[in-house]
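Written below as structure tokens is the structure these notes are about.
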Amino acid sequence: MSPPTSSYVTPRTMSGVMELLPLEQVAFEGMIDVIRREFERFGYLPIATPAMELTEVLLRKTGGETERQVYLVQSTGSAEQGDDPDLALRFDLTVPLARYVAEHEHQLSFPFRRHQIQPVYRGERPQRGRYREFYQCDIDVIDRNELSLRFDAEIPAVINSVFAALDFGEFVIRLNSRRLLAGLMEKLEIEPHVAALRELDRLDRQGPENVIASLSKIGVTNDAAQRLLELAATGLRTGSDAFTLLDEIGGDNDLLKQGVDEMRAVLTLVREWGVPEHRFGLDLSIARGLDYYTGTVYETTLVAHPELGSICSGGRYDDLAGQYTKSRLPGVGISIGLSRLFWQLQNADLLPAAKSTVEVLVGLLDDAGLPEALRIAAELRDAGVNTESVLVPDRIGNQLKFAAKNGIDLYVVAGENERQRGEVLVRNLRTQTQASADRKDVVAAVQAQ
RNA sequence: GUGGCCGUAGCUCAGUUGGUUAGAGCGCCAGGUUGUGGACCUGGAUGUCGGGGGUUCGAAUCCCCUCGGUCACCCCA
């Protein structure tokens with residue numbers, strides 16, 4: 001890529017990674033702050049796991065598909081010796097969690113609620129809004145032996161608080177049950193459950209004709225496929241409509257009866273958790289491709305932007321850490337794909353105007369004013385105001401331009417004129433107003449803005 | 001991993017059937033304004049036309065290879 005005559009290497013990142021400019025980074029981290037705050041309001045504790053795991057730990061559970069997407073890690077020394085890579089980058093936060101809980105089971109308290117906000121890595125062909133390194137924001141609850149269905153309802157309550165706080169418009173949490181779907185398939189005499197679930201999950205992308213065709217390939221009769229899709233086509237049912245639909249499905253077999261009963265209980269509990277009726281419902285087309293889900297599954301979409309797809313999804317798994325321990329550790333949780341969500345919001349122009357973490361720029365018009373400028377800045381910092389100091393005098397126009405370009409709303413300066421009068425100038429760039437204040441009142445004048 | 005499309009300035013692109021020193025808008029920098037920002041005006045910088053090879057008197061333009069990007073599938077956040 002770089003010309004051989006040039007001594008420079010073209011500065012670039014690999015494709016499929018998200019690197020932001022400072023003001024974008026401020027917005028991104030602002031979202032993380034909100035998400036973490038809401039997670040912690042519900043009692044979820046933070047954990048962090050290493051980006052790398054031992055290959056044998058990471059790949060124990062997975063089938064061929066995920067294995068293909070895992071980045072193997074190896075030191076050059078190890079490679080020179082011809083060793084196999086024994087390290088790999090995590091591709092989600094759930095598998096590391098399983099290892100973590102199994103490893104530290106006896107130091108943890110159950111039910112164990114944890115949140116984890118870290119990047120994960122997938123060796124995929126990069127695509128629109130899909131990354132090879134991206135942040136996941138996960139919460140999960142793990143318990144021993146049995147995990148009450150009440151936790152299945154806590155999860156939507158947390159999601160509700162998170163997205164209400166993020167304030168990107170109305171959203172809806174779609175719930176379904178893998179057990180219920182399995183019961184339905186038993187009723188319709190659809191045999192390979194997992195494969196059929198995956199086909200169902202592709203309904204929105206592939207369209208009904210293709211899904212029926214694929215289903216017939218795995219031995220599902222046309223009639224059964226038709227009836228399955230009819231049910232899936234009912235789409236989202238909120239409020240009492242959800243319960244009506246559950247009544248209609250009934251309970252022709254034990255599995256179906258259990259699934260319907262559980263779903264009924266979960267929906268009732270979500271209501272009791274105080275999630276508004278219009279923000280959650282039953283959607284029989286939600287299947288989730290991941291095969292470790294066994295019960296309730298979730299997907300969340302923005303009402304005004306269905307094209308963005310699911311911005312938060314998860315579910316219940318009856319035995320999270322079966323690969324690592326004899327203990328039976330059921331869990332339920334969700335993951336927000338923050339990098340993709342951020343990219344989508346940015347693209348849909350849904351992010352608020354960029355704002356700096358710097359609240360005040362203290363200007364400098366002449367060298368003689370430096371000591372005073374530094375004192376003013378120190379006073380502001382002591383008062384808890386993030387303050388950036390101009391250290392080399394420049395034209396005031398350039399300083400204001402700098403503040404404006406960098407999302408700083410307030411500009412404070414004590415030039416020669418102000419210093420003689422014992423004043424400071426406080427300019428608000430957003431309201432385009434300014435006023436002089438007594439030098440001693442500078443902190444109050446800034447805080448009044 | 002499979003398949004399609006595209007590579008010209010930092011970005012979006014124009015470049016007439018191959019024909020002199022390759023252009024525009026936006027952005028960037030400077031000045032207009034030695035104490036007032038987003039507007040306006042003036043000026044400026046930046047390209048081995050992704051790289052290599054070939055055809056030709058002549059290639060950004062045609063051919064081959066290669067690298068990169070991108071989209072769809074697979075899968076998923």
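Values below: all heavy atoms of this structure, side chains included; hydrogens, waters and symmetry mates excluded. Proteins come first, then strands; the chains are lettered A, B, ... in the order of their sequence lines, and each starts at number 1.
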Which of these nucleotides, B:C75, B:U70, B:A77, is closest to any side-chain atom of A:Ser15? B:U70

For nucleotides B:U66 and B:U2, find the distance between their P atoms and express it as a whole number of Å. 14 Å

Any idea how A:Phe28 and A:Phe342 line up, ring-wise: parallel (<30°), tilted (30 to 60°), or perpendicular (>60°)? perpendicular

What is the separation between atom CZ on A:Arg340 and atom P on B:A77, rounded to the nearest whole Å? 8 Å

Atom-pair distance (OH on A:Tyr298; P on B:A77), nearest Å: 15 Å

Salt bridge present between A:Glu262 and A:Arg179 (N-O < 4.0 angstrom): yes

Check for me whether the distance between the ring centres of A:Tyr71 and A:Tyr121 falls short of 6.0 Å. no

Taking it one step at a time, do A:Arg375 and A:Arg439 satisfy side-chain contact (heavy atoms from CB on, under 4.5 Å)? CA-CA 11 Å; A:Arg375 279 193 294 270; A:Arg439 166 65 185 85; 3.9 Å; yes

Please state the C1' separation for the pair B:C62 and B:G18 - nearest whole angstrom. 8 Å

Using a 4.0 Å heavy-atom cut-off, does A:Arg132 contact any base of the nucleic acid, only the sugar-phosphate backbone, or nothing at all? nothing

How far does the C1' atom of B:G4 sit from the matching atom of B:G23, given to the nearest Å? 31 Å

What's the gap between B:G47 and B:G10 when it is taken at their P atoms, as a whole Å value? 8 Å

State which of B:A77, B:G37, B:G35 makes the closest approach to the side chain of A:Leu429. B:G37

Donor-acceptor pair under 3.5 Å: do we get one between A:Glu299's side chain and the base of B:A77? no

Whether A:Glu124 and A:Arg132 form a salt bridge (side-chain N of Lys/Arg under 4.0 Å from carboxylate O of Asp/Glu) is what I want to check. no

Given atom NZ of A:Lys401 and atom P of B:C28, what is their separation to the nearest angstrom? 9 Å

In whole Å, what is the span from the CZ atom of A:Phe402 to the P atom of B:U36? 19 Å

Check this one for me: any side-chain N or O of A:Arg430 less than 4.0 Å away from OP1 or OP2 of B:G38? no

Both A:Ser335 and A:Met14 contact RNA chain B. Which one's nearest nucleotide lies toward the 5' end? A:Met14

How would you label the contact of A:Glu133 with the nucleic acid (heavy atoms, under 4.0 Å): base, sugar-phosphate, or nothing? nothing

When both distances are under 3.5 Å in a Watson-Crick or G-U wobble arrangement, the nucleotide paired with B:C49 is none

Watson-Crick or G-U counterpart of B:G18, or none if no pair lies under 3.5 Å: none

Please give, in whole Å, the distance from B:A77 C1' to A:Met31 CE? 13 Å

Rounding to a whole Å, what distance do you find between A:Arg427:CZ and B:G37:C1'? 7 Å

Taking the C1' atom in each of B:G3 and B:C74, what is the distance between them to the nearest angstrom? 12 Å

Side chain of A:Asn417 only, please: which of B:G35, B:A77, B:C75 is the nearest? B:G35

For B:C11, what is the paired nucleotide under Watson-Crick or G-U wobble rules, both distances under 3.5 Å? B:G25

Kindly indicate whether the side chain of A:Arg130 and the base of B:C75 share any N or O donor-acceptor pair separated by less than 3.5 Å? yes

Looking only at the side chain of A:Gln432 (C-beta and beyond, no hydrogens), which of the listed nucleotides B:C29, B:C74, B:G38 gets closest? B:G38

Nucleotide paired to B:A30 in any strand shown, Watson-Crick or G-U, under 3.5 Å: B:U42

Taking a pair as Watson-Crick or G-U wobble with both distances under 3.5 Å, which nucleotide is matched to B:U2? B:A72

Pairwise side-chain contact, A:Asp92 with A:Arg122, heavy-atom cut-off 4.5 Å (strictly under): yes

Atom CG of A:Asp366 to atom P of B:G35: distance rounded to whole Å? 10 Å

Residue A:Leu400, side-chain atoms from C-beta onward, closest of B:U33, B:G35, B:U36: B:U36

I'd like the P distance from B:U70 over to B:A30, given in whole Å. 32 Å

What contact category does A:Ser313 fall into here, base, sugar-phosphate, or nothing, at under 4.0 angstrom with non-hydrogen atoms? sugar-phosphate

Are any of the side-chain nitrogens in A:Arg198 or A:Asp201 under 4.0 Å away from the carboxylate oxygens of its partner? no

Under-4.0 Å side-chain N/O to phosphate OP1/OP2 contact, A:Arg202 with B:C74: yes

Mind checking who B:A60 pairs with, Watson-Crick or G-U wobble, both distances under 3.5 Å? none

Rounded to whole Å, the CG-C1' distance (A:Leu425 to B:U36) equals 9 Å

Nearest to side-chain heavy atoms of A:Glu124, which nucleotide of B:G37, B:G32, B:C75: B:C75

Which of A:Thr238, A:Leu267, A:Val172 passes side-chain contact (heavy atoms from CB on, under 4.5 Å) with A:Phe280? It is A:Leu267

Would you indicate which nucleotide in B:C75, B:U36, B:C76 comes nearest to any side-chain atom of A:Arg122? B:C76

Separation of the C1' atoms in B:A60 and B:C76, to the nearest angstrom: 40 Å

B:G19 to B:U12 separation - C1' atoms, rounded to the nearest Å: 28 Å

Can you tell me whether the side chain of A:Gln434 and the base of B:U36 have a donor-acceptor pair closer than 3.5 Å? yes

